[in-house]
Participant: 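Below is the structure I would like to discuss, written out as structure tokens.
As the structure is a prediction and not an experimental result, all values here were calculated from the model. Below, each value reflects all heavy atoms present in this structure, side chains not excepted, and no hydrogens, waters or symmetry copies. Index from 1, following the sequence.
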Amino acid sequence: MGIAQREVSVAGTLCRLMSAGLVGLSLGVAPAAAAPGDIPVTANAGMGTGDIGTSDAAPSGARATGGVDGAGNAAVPLTTPLPPAAAAPAAPAYAPRAAAPASVASPVRGGVDSAGDSPAPAPVQAPAAAQTNPATPAQPAPAQAATPAPAPQPAVAANPLAPVSEAIAALLATPEAITTSKKEQEALATFYGARQTMPVFVTDTGLDARGKAVIARLDAAGEDGLDPADYQVPVPKKGATAADLARTELKIAVAAMTYARHAQSGRFDPGRISSLVTPVRDIPDPTATLTKIAYAPDANAALAAFNPPHPGYKALKAQLARANGSAPTVPAIPPGPQVKPGASDPRMPTLRARLGVVGKPGDDLVYDPALVEAVKAFQEASKIKPTGILGPATLAALNVGATSGGGSLRNDVIANMERWRWLPRDLGEKYVMVNIPEFMVRINQDGRVIHETRVVVGKPETPTPLLTRDMQYIVVNPAWNIPPSIARNEMMPLLRSDPSALARRGIQVVRNGSGGYSFRQDPGERNALGRIKFMFPNDHSVYLHDTPSKALFQNDRRAYSHGCVRVYEPLKFGEVIFNMGLPGDTWSEQRISKMFGGSERYINLKQRFPVHIVYFNAFVDGAGRLVMREDLYGINAATKTHLGLDGKQRIADGAPPKTAPRAR
């Protein structure tokens, strides 16, 4: 093959390699004269990118915030969220490079080569004369083609959000001026740091669609029993400065975090009411809250979703909407002593007005037979034992929807909605729930009640605590190790007055190693725990158990215990618990009863499930009716006081109200 043919073959191979992007433009190809209209070679030649005006500071995968894109179109300013910095896709290890026309195949001088590296300096050439062979006549040097001057690049538009971003960064330098919460300060730094302080809720002229959606939800906070005044954010005025817009951006962020925390876990620590109020709350992470709102398709719905998902909460929310729509006009019946048929009481005229019963002239104060029958009918409809006696449970049910000096129905509903926020968002596929003011326990599975029965709860002076713990094991034929508080307050005085009283009850007095005494009641029919107890270990040492005092279950107001929960018909209750906790076994009342008698026997559950002891004195029953119960421990009144619903200023942190139940 001749020299000319080899040159043609090499040139053809080189062209094919360049076309395939396998050889860059930094090879030592002889420059050719540029044709008119050819695109000049720029600093990004051979780097595999055709974008012009893309900011080097923008994260990988982000849209340009200003300038023009690779097609020469103006880029839209960034008002949608950037992906988090940690989620930014890594740059590909290799990207094919497009071949440039031969007319612009000129080495880049002072720029970068096709791999993005700075080119090595060209070797110094010796003078032409020194390299000329004396035996060969000197040849004239070929004329160098003139390199055209680079054409001016298109002007890159400034990012309109840059001033707002800079103002946000300046405000975040002193986060304590934005929020006093350390967690919220850290969340703002983390969230906006990952976004290079780019805003989420504002543009360069005012609120964007996401900001408007968040403010709409904050303004509608009253729908969920929250106070919109807690989340107010001034809307920026027309012509607002970048600094004003930055402040609005961060105020919306703080208001959204506050709303999410209030909606999901409540507006104050329940432990401020009493040391016996110890629920398990799900407190949302502030950074996760901002991330969820920033990237959700519907920011309004995303923020609203922090409210409890439980059907009981949603039913109260519907009742709140009714109460907000029309003010209650039913007169409240004042509290007072129990009233039996035939007695006289100054509240009878109000009771008559409530039930629509006309009294005899001059004899309105008597609880006469006509009024007694009306009360019995009301009790039966309200699932209260129809005794005709006007007691606390009947009085509370009669005052549903009534106005009184203690507040309206609306405030009672809001206070009970607040206590739904104290529960875990996931109650469990299987769970047990004891509602103290209702004196009821229910077993739930797959969203429905599979068993319910009456319970006896703690007296107001020895209240049942609020808690969530897992049911772990069952004790058959339990012994009762009497708590020190009961031993000190009840057993010792009884022992002093009658030395044989404890022995008659099967209670043994045991001297312990420290010189003191402990009290223990052996298993048996007289045992205060009955024949079986259901254990969910907790700091208060309370549990569900049987009782020998069966007659107490016939009363409407069943508050007699030292704090534990006594269960009616424990064999039926136990059958359900055993089958839930020991799936695959076949348990029945008869099988359980065969274990009665003898010494203690422990049965560990293979599957555990939560027990929630709650306090709802306002709830919606299965028929869709709002039901009110006595505020047995004053927890509802304390909740209203902490929320400022009783007309008083909200209680400061650490100041328990006087109505708080006392620890045992």
Side-chain angles (χ1 to χ4, degrees), residues 265-266 268-283 312 415-416 418-424 427-428 431-443 454-473 475 478 480-490 528-529 533-547 552 557-567 573 608-617 619 629-639 641-642 654 656-664:
S265 57
F268 65 92
D269 179 4
R272 289 164 53 191
I273 291 178
S274 166
S275 60
L276 297 178
V277 181
T278 57
V280 175
R281 299 185 296 158
D282 288 333
I283 302 176
N416 279 269
E418 183 76 7
R419 291 195 292 279
W420 273 106
R421 308 181 200 279
W422 299 353
L423 288 171
L427 298 177
Y431 65 89
V432 177
M433 181 174 284
V434 177
N435 187 16
I436 295 170
E438 193 184 3
F439 308 108
M440 292 291 293
V441 61
R442 294 178 176 88
I443 303 175
R454 285 168 279 178
V455 295
V456 169
V457 300
K459 296 174 287 188
E461 57 268 28
T462 56
T464 298
L466 277 63
L467 55 81
T468 290
R469 293 293 186 273
D470 282 348
M471 181 82 75
Q472 297 185 15
Y473 62 97
V475 182
W480 184 33
N481 295 302
I482 300 172
S485 60
I486 299 176
R488 181 176 56 254
N489 298 328
E490 298 181 25
L529 306 182
K533 65 178 180 178
F534 307 89
M535 302 298 293
F536 40 99
N538 57 83
D539 294 338
H540 306 287
S541 299
V542 300
Y543 31 84
L544 292 157
H545 66 84
D546 181 21
T547 178
L552 297 179
R557 190 179 190 269
R558 297 186 290 274
Y560 301 105
S561 81
H562 292 96
C564 286
V565 180
R566 306 175 189 174
V567 183
F573 181 82
R608 298 177 178 182
F609 42 86
V611 177
H612 309 287
I613 301 183
V614 299
Y615 194 97
F616 297 120
N617 70 315
F619 55 91
R629 288 289 184 263
E630 178 190 0
D631 187 10
L632 187 64
Y633 302 155
I635 289 178
N636 193 63
T639 304
T641 299
H642 278 285
K658 295 180 180 179
T659 54
R662 294 171 295 176
R664 296 187 302 281

Participant: Side-chain contact test, heavy atoms from C-beta onward, threshold under 4.5 Å: evaluate it for Tyr543 versus Val611 and give yes or no.
Facilitator: no
Participant: Check whether any side-chain N or O of Asn538 sits under 3.5 Å from a backbone N or O of Phe536 as a donor-acceptor pair, and report yes or no.
Facilitator: yes
Participant: When you compare the side chain of Met471 with that of Leu544, does any pair of heavy atoms fall below 4.5 Å?
Facilitator: yes
Participant: Got a donor-acceptor contact below 3.5 angstrom from the Arg558 side chain to the Val455 backbone?
Facilitator: yes
Participant: Going by atom types only, do Asp631 and Tyr615 share a side-chain donor-acceptor pair under 3.5 Å?
Facilitator: yes
Participant: Is it the case that Arg419 and Asn617 place a side-chain donor and acceptor less than 3.5 Å from each other?
Facilitator: yes
Participant: Are Asp539 and Leu467 packed together at the side-chain level, in the sense that at least one heavy-atom pair is separated by less than 4.5 angstrom?
Facilitator: no
Participant: Within the side chain of His612, is there an N or O that forms a donor-acceptor pair under 3.5 Å with the backbone of Leu427?
Facilitator: yes
Participant: When rounded to the nearest 0.5 angstrom, what distance separates OG in Ser274 from CG in Leu466?
Facilitator: 9.0 Å
Participant: Would a 4.5 Å heavy-atom cut-off, applied to side chains only, mark Trp420 and Val614 as touching?
Facilitator: no
Participant: Keeping Arg629 on the side-chain end and Glu438 on the backbone end, is there a donor-acceptor pair under 3.5 Å?
Facilitator: no
Participant: Got Leu552 and Thr547 here, is their nearest side-chain heavy-atom distance under 4.5 Å?
Facilitator: no
Participant: Side chains of Ile613 and Arg469, heavy atoms from C-beta outward: is any pair under 4.5 Å?
Facilitator: no
